[in-house]
Amino acid sequence: MSADLIQFFTTNWLGQAIVILAQCLAVTVPLLVSVAYMTYVDRKVWASIQLRRGPNVVGPFGLLQPFADGLKLVLKETIIPSSANAVLFVIAPMITFMTALVAWAVVPFDDGWVIADINVGILYLFAISSLGVYGIIIAGWASNSKYAFLGALRSAAQMVSYEVSIGFVLITVLLCVGSLNLSDVVIAQSGWFWNWLFLPLLPMFVIFFVSALAETNRTPFDLPMSEAELVAGFHTEYSAMTFGLFFLGEYANMILLSAMGAVLFLGGWMSPIPHAPFTYVPGVVWFALKIAFLLFVFSWTKGTLPRYRYDQLMRLGWKVFLPVSLGWVVLTAAVLQFGGWVPKS
Amino acid sequence: MLLQALAFYVFAAVTVASGAMVVVSRNPVYSVLFLILAFFNAAALFLLIGAEFIAMILVIVYVGAVAVLFLFVVMMLDINLVELREGFLKYLPVGAMIGVVLLAEILLGLGVLGTGSATIAALNKQGAQVLAVDNTRAIGRVLYTQYFYLFQVAGIVLLVAMIGAIVLTLRTRPGVRRQKVGDQINRTKEQAMTVVKVPTRGGV
């Protein structure tokens with residue numbers, strides 16, 4: 001019977017479809033729960049920075065707050081402005097949310113724990129993260145409102161600019177690893193924590209993290225969101241769950257970029273010390289801890305830094321990060337080539 | 001195998017349909033969005049034949065960068081639908097001619113008309129040799145050895161185009177005050193402020 005079942009799930013196309021669906025659910029459901037709790041953690045961290053308590057009323061320690069907020073968003077009325085392009089207006093938040101989710105297909109959670117172990121994993125991540133722009137730009141245009149449109153242009157320009165430097169960061173990582181497969185990237189960093197790539201590539205790690213902040217429209221680059229002075233940018237016209245999807249997509253993107261940082265620079269599922277008590281902890285826990293650390297830094301920056309002015313933001317992206325990362329690519333290639341450290345392929 | 005065939009027909013049909021919609025749809029913004037859909041499905045077709053690297057590059061370059069800029073420009077146009085329809089018949093012959101030329105080129109390349117089949121066969125033979133490694137490596141190996149000079153020339157062409165665009169749009173505006181970050185950081189307390197003791201009722 002069990003042999004039959006194994007055969008059904010490995011050879012029959014229906015069985016394979018069921019397996020794939022189950023894998024997708026196994027990734028998506030924990031991801032959505034962590035998105036919900038990320039909003040809670042975010043608010044708690046800001047509260048501590050500002051010497052407040054943060055959400056503490058709904059449930060013990062305010063733990064049910066994310067669900068209360070979610071429920072509120074679901075129950076509110078979705079308003080579609082009469083002059084808006086209704087179809088695109090509704091599709092835009094879905095695109096934002098979906099692109100944040102589909103990228104997880106190639107993220108390795110542990111040795112072999114990955115839905116699609118494709119050879120071009122890094123490129124896939126880069127491709128998908130560059131699609132996030134469309135949700136924003138379509139939202140801005142479909143709203144048929146000048147605030148939303150200007151906000152959309154602003155944030156699209158910002159995301160496109162910082163993608164360039166992220167691209168160069170990815171290139172240095174793949175130069176050091178010699179593979180585009182994310183599992184190979186992690187395996188190349190095995191051993192003690194000083195084998196992780198963040199140490200030899202420290203400037204690139206910093207550039208990656210700052211670009212990740214800009215990619216996800218977080219402080220100090222949250223011009224798209226700046227509620228107070230720029231009327232909330234591209235989602236001015238959005239309400240209820242259409243806004244909720246943008247919000248969830250933003251948080252899912254933050255978690256995704258943290259996961260990318262963990263895989264590329266912090267050794268993915270590897271434990272920092274490859275010895276007995278540490279190796280008993282499953283890899284997925286280490287991976288989650290690394291993501292959680294990066295997410296904490298996300299909240300921390302939001303709690304402490306003021307907002308950039310738009311021209312300063314563009315200057316940082318094009319005049320500082322682009323030349324530095326380009327130079328670092330050349331430097332890394334030269335060091336690997338002449339130092340004899342080129343990874344075997 | 002059946003699933004693959006099914007996927008191929010779905011992607012191919014959507015590619016062709018969205019390609020047609022690019023031309024047919026009245027609103028240029030829809031055209032660009034359909035173009036993006038066409039790019040996507042073309043990428044999926046590349047994936048189906050195992051060309052994963054090209055598929056990803058197609059998405060990154062065309063969907064992630066080029067189409068965004070298209071969308072930027074098109075969205076800022078003041079769209080007048082009636083005016084847009086007027087030129088349709090005038091441009092139809094030119095467009096049709098370009099289409100025919102492209103189709104003929106593809107057919108020639110595929111060897112339908114008797115020529116070109118030799119090159120395809122040669123390529124297939126080459127392909128079989130390099131397929132032992134994954135296709136990012138395979139492309140890298142030919143691109144940086146056999147086609148190295150052509151690759152460099154392509155790079156230079158792009159660079160020239162870029163410089164050209166900058167030269168065309170560069171204008172020096174007088175009276176613009178630039179932020180000099182270095183100067184700002186190097187400013188000290190002594191340069192920036194003076195402490196004045198103001199006597200009571202004396203004023204500064």
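Keep in mind that the numbers below use all heavy atoms, side chains included, and drop hydrogens, waters and symmetry copies. As the structure is a computational prediction, the values presented were derived from the model and not from experiment. Chain letters run A, B, ... following the sequence lines, proteins first, then strands; residues in each count from 1.
- Counting heavy-atom pairs closer than 4.5 Å to chain B, the top-ranked of the candidates Val133(A), Val164(A), Ile118(A), Leu88(A) is Leu88(A).
- Atom OH of Tyr308(A) sits in a sparse spot, with 12 or fewer heavy atoms from other residues, nucleotides or ligands closer than 6.0 Å.
- Proximity to chain A is absent for every atom of Ala55(B), based on heavy atoms less than 4.5 angstrom apart.
- Highest contact tally toward chain A, considering only Leu58(B), Val68(B), Ile57(B), is held by Val68(B) [criterion: heavy-atom pairs under 4.5 Å].
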Assess whether side chain to side chain contact (heavy atoms under 4.5 Å, CB included) is satisfied between Thr136(B) and Asn119(A), documenting all intermediate values.
CA-CA 8 Å; Thr136(B) 315; Asn119(A) 280 327; 5.6 Å; no
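- Here CD1 of Ile60(B) is found 4.5 Å from CG of Leu123(A). Values are rounded to the nearest 0.5 Å.
- Nearest heavy atom pair, residue Gly64(B) against residue Ser130(A), reads CA-OG, 3.7 Å.
- Taking each heavy atom of Ala156(A) and Phe72(B) in turn, the nearest pair found is CB-CE1, 3.5 Å.
- Distance CZ/Arg137(B) to CG/Leu180(A): 8.0 Å, rounded to 0.5 Å.
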Just distance, no hydrogens or angles: give the donor-acceptor pairs under 3.5 Å from side chains in residues 28-54 of chain B, sequence neighbours left out.
{"residue": "Tyr30(B)", "atom": "OH", "partner": "Asn85(A)", "partner atom": "ND2", "Å": "2.7"}
{"residue": "Ser31(B)", "atom": "OG", "partner": "Val22(B)", "partner atom": "O", "Å": "2.9"}
{"residue": "Ser31(B)", "atom": "OG", "partner": "Ser25(B)", "partner atom": "OG", "Å": "3.0"}
{"residue": "Asn41(B)", "atom": "ND2", "partner": "Leu37(B)", "partner atom": "O", "Å": "2.8"}

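- Heavy-atom distances place no part of Ala152(A) under 4.5 Å from chain B, backbone and side chain included.
- Your options are Ile138(A), Leu131(A), Asp311(A), and the one with the most heavy-atom pairs under 4.5 Å with chain B is Leu131(A).
- Here the CE-CD1 distance, from Met56(B) to Ile128(A), works out to 7.0 Å after rounding to the nearest 0.5 Å.
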